[in-house]
2 protein chains.
Amino acid sequence: MADVAARAGVSLKTVSRVINGEPRVAPATAAAVAQAVRELGFRSNHAAASLASGRGVASIGLLIGAVDDPFYARLASGVEQVARAHRHTVLISSTEEDPELERDAALGLAARQVDGMIMVPCSPDQDYLTPDIAAGLAVVFVDRPPHGLDADCVLSDNRAGAHAGTAQLLAGGYRRIGFVGNDTTVYTSAERLAGFLAAHADVGLAVDEHLISLGPRTVIEAEAATRALLARPDPPQAIFAQNGPMTMGAWRAVHALGAPVGLVGFDDFALADVLEPPVDVVAQDPVELGRQATTLLFDRLADGDRPTRHITLPTHLLTRS
Amino acid sequence: MADVAARAGVSLKTVSRVINGEPRVAPATAAAVAQAVRELGFRSNHAAASLASGRGVASIGLLIGAVDDPFYARLASGVEQVARAHRHTVLISSTEEDPELERDAALGLAARQVDGMIMVPCSPDQDYLTPDIAAGLAVVFVDRPPHGLDADCVLSDNRAGAHAGTAQLLAGGYRRIGFVGNDTTVYTSAERLAGFLAAHADVGLAVDEHLISLGPRTVIEAEAATRALLARPDPPQAIFAQNGPMTMGAWRAVHALGAPVGLVGFDDFALADVLEPPVDVVAQDPVELGRQATTLLFDRLADGDRPTRHITLPTHLLTRS
DNA sequence: CTGAAAGCGCTTACAG
DNA sequence: CTGAAAGCGCTTACAG
């Protein structure tokens with residue numbers, strides 16, 4: 001910047017003014033500075049500017065499980081929409097559902113002085129963020145609640161959604177229903193299993209625990225798990241699948257078998273309506289989850305002392321069969 | 001940091017040493033500093049550290065069209081894999097295929113002092129990056145080549161892929177084939193259309209330009225465009241669809257019509273194999289595109305003077321029908 | 001093993 | 001409309 005000032009024959013302050021588009025600079029001066037900038041290939045040092053001004057860098061961090069999971073991708077899209085309206089950049093990192101990576105990525109974003117952070121937690125405890133929050137970092141949790149600290153949070157009504165989806169199968173006359181999902185250390189999986197069980201309890205039906213398959217994380221694993229259920233001597237008559245990949249896997253297994261097995265899934269997915277048979281799903285709105293979480297984040301950035309808010313969004317049963 | 005030093009009764013330099021895990025600090029001293037850090041909730045200022053040290057922040061930027069497009073999401077996943085191995089954070093931004101946003105996002109990432117940047121360009125010209133590249137920014141283009149500057153680049157063989165896909169339809173006896181794709185300002189669309197036309201020329205067949213539908217960008221738009229083609233007095237007997245969303249839209253239109261219309265798409269997508277009828281596709285490998293682009297980026301970071309490299313990855317025709 | 005001094009490249013009051 | 005001075009919070013040689 002000193003070089004630019006020297007070349008343009010002005011002071012540092014004037015260069016700074018021109019670069020930042022401040023008013024009250026004589027047009028001729030501004031032109032001279034602009035030319036010097038061009039000739040010297042000058043790039044303002046963001047780190048120095050941010051240090052000197054004390055201002056943030058107008059960015060927020062987003063921590064999701066994986067960029068290539070459509071649920072997270074749509075959530076990220078909602079975050080970007082709101083962040084863009086607030087003229088903030090979104091820096092996305094993935095945790096791969098690994099607590100170590102979550103911690104590294106979260107602290108890494110915090111160290112990078114993001115103004116705030118939105119995260120889908122996967123570690124058993126996020127109290128490692130407490131010092132940063134105390135030092136002014138705004139954090140909002142989405143899809144899953146925080147553990148070890150209180151913070152703003154946006155969730156879907158997983159339990160009610162799973163309850164409604166299961167109830168629909170029960171109303172269809174199915175009595176032996178399998179559950180295919182992640183293990184219950186994943187908050188949403190635990191909640192959806194609870195809704196599944198509650199729907200059975202409501203009609204006084206016992207659940208055969210052998211029909212509950214916890215663990216699969218991918219389409220392929222879910223397909224294998226569903227196959228295993230259907231191969232039992234007392235197979236389920238229907239499957240409730242706990243998220244998009246689980247539902248695709250379950251549908252594949254059912255489809256391959258060719259037998260009439262009922263299926264309801266949690267989360268809508270592309271082409272679910274045109275499969276043969278089509279798939280009924282409990283749809284949540286991932287874009288809206290992202291939007292609301294980001295709105296909470298900017299609210300908190302505006303007022304760090306406001307009480308924490310916990311929002312729960314409804315789900316909708318889409319009947320297609 | 002001064003507060004920490006005062007509380008621990010040491011100098012700034014010693015605090016710095018402890019924070020950065022430098023060796024040669026007496027255990028007792030280190031413990032005292034660590035405690036002061038804890039008590040004061042101290043967070044090192046990344047901007048200041050990076051300014052003082054002159055070192056980068058160990059991050060790379062990734063500019064894609066949209067986070068919620070599965071093609072870009074998988075590409076991003078490939079980028080993350082390699083970046084993680086190099087212990088770099090990936091900061092993802094989307095351009096929404098808007099040249100203005102691309103420019104803002106790219107310059108924004110550059111200003112944030114990322115070490116390098118991988119981008120899917122959508123603007124007619126990226127020479128706005130020239131000053132930054134001259135000032136040391138490493139940039140690699142992926143999926144589409146740069147315009148207005150020479151740079152490392154990784155592409156799929158779009159033309160050969162589209163040629164093979166079209167040839168398969170022609171070999172199936174189809175003589176009137178429609179093309180559904182983005183407008184040809186999008187590089188990949190133009191290349192794939194060229195392959196489509198070349199395959200026709202190879203067998204001495206003229207293409208009815210009324211069957212070429214350029215413009216749709218979403219599944220819904222592609223479905224409408226395909227419906228329009230099929231509603232013509234002289235409709236196509238088959239459709240070549242130019243990417244994943246186009247193929248899903250075309251499939252929906254064909255499926256709704258119920259008539260036997262051939263279909264080959266560019267890009268594989270989830271459930272393409274279990275639709276009724278299943279969809280043949282020309283598959284590229286978006287994860288590998290991301291991986292290779294990131295490898296080029298780190299190669300360039302290691303040696304800024306190496307000649308630019310342009311890599312083209314093959315595509316594979318997946319026959320399912 | 002530890003510290004005092006200088007400086008990274010900007011911006012902020014303040015003065016004119 | 002323009003500038004001189006101080007300082008943001010760290011790290012880098014250098015010295016001891």
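Throughout, protein chains are lettered first and strands after them, A, B, ... in sequence-line order, and every chain is numbered starting at 1.
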Suppose we call two aromatic rings close when their centres sit under 6.0 Å apart. Are B:His88 and B:Phe298 close by that rule?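 Between B:His88 and B:Phe298, the centre distance is under 6.0 Å.
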
- Query: Under a 4.0 Å heavy-atom cut-off, which of residues 27-35 of chain B touch DNA chain C?
  - Reply: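 By residue number: B:Thr29.
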
Nearest whole Å is fine: how far is [N] [atom2] from [X] [atom1]?
X: B:Glu22; N: C:dG3; atom1: CD; atom2: P; answer: 13 Å
X: B:Lys13; N: D:dT12; atom1: NZ; atom2: P; answer: 7 Å
X: A:Leu12; N: C:dG7; atom1: CG; atom2: C1'; answer: 14 Å
X: A:Leu51; N: C:dC8; atom1: CG; atom2: P; answer: 13 Å
X: A:Arg24; N: C:dG16; atom1: CZ; atom2: C1'; answer: 15 Å
X: A:Ile19; N: C:dT11; atom1: CD1; atom2: P; answer: 7 Å
X: A:Leu40; N: C:dC10; atom1: CG; atom2: P; answer: 12 Å

### Task
Answer yes if the side chains of B:His86 and B:Asp115 hold a donor-acceptor pair under 3.5 Å, and no otherwise.
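Their side chains do not contain a donor-acceptor pair, so the 3.5 Å distance test is not met.
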
Checklist entry - Looking just at side-chain N and O atoms, do B:Glu102 and B:Thr95 make a donor-acceptor pair shorter than 3.5 Å? => result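 Side chains of B:Glu102 and B:Thr95: no pair found under 3.5 Å.
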
Fill in: First encountered from the 5' end of DNA chain C, between B:Gly9 and B:Ala48
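Looking at DNA chain C, the more 5' nearest nucleotide goes with B:Gly9.
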
Exercise. Which one, C:dT11, D:dG9, C:dA4, comes nearest to the side chain of B:Ala52?
Worked result: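 Nearest nucleotide to the side chain: D:dG9.
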
From the list D:dG3, C:dC10, C:dG3, which nucleotide is the closest neighbour of the side chain of B:Ser11?
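Between D:dG3, C:dC10, C:dG3, the one nearest the side chain of B:Ser11 would be C:dG3.
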
*asked:* Can you tell me if A:Ser16 touches the phosphate of C:dT11, counting only side-chain N or O atoms and a distance under 4.0 Å to OP1 or OP2?
replied: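 Result: yes.
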
Worksheet item: Within the side chain of B:Arg74, is there an N or O that forms a donor-acceptor pair under 3.5 Å with the backbone of B:Val287?
Response: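 Not confirmed, B:Arg74 side chain does not pair with B:Val287 backbone.
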
Here DNA chain C, pairs taken as Watson-Crick or G-U under 3.5 Å and shown with ( ), [ ] when crossing and | when to another strand, reads |||.||||||||.|||

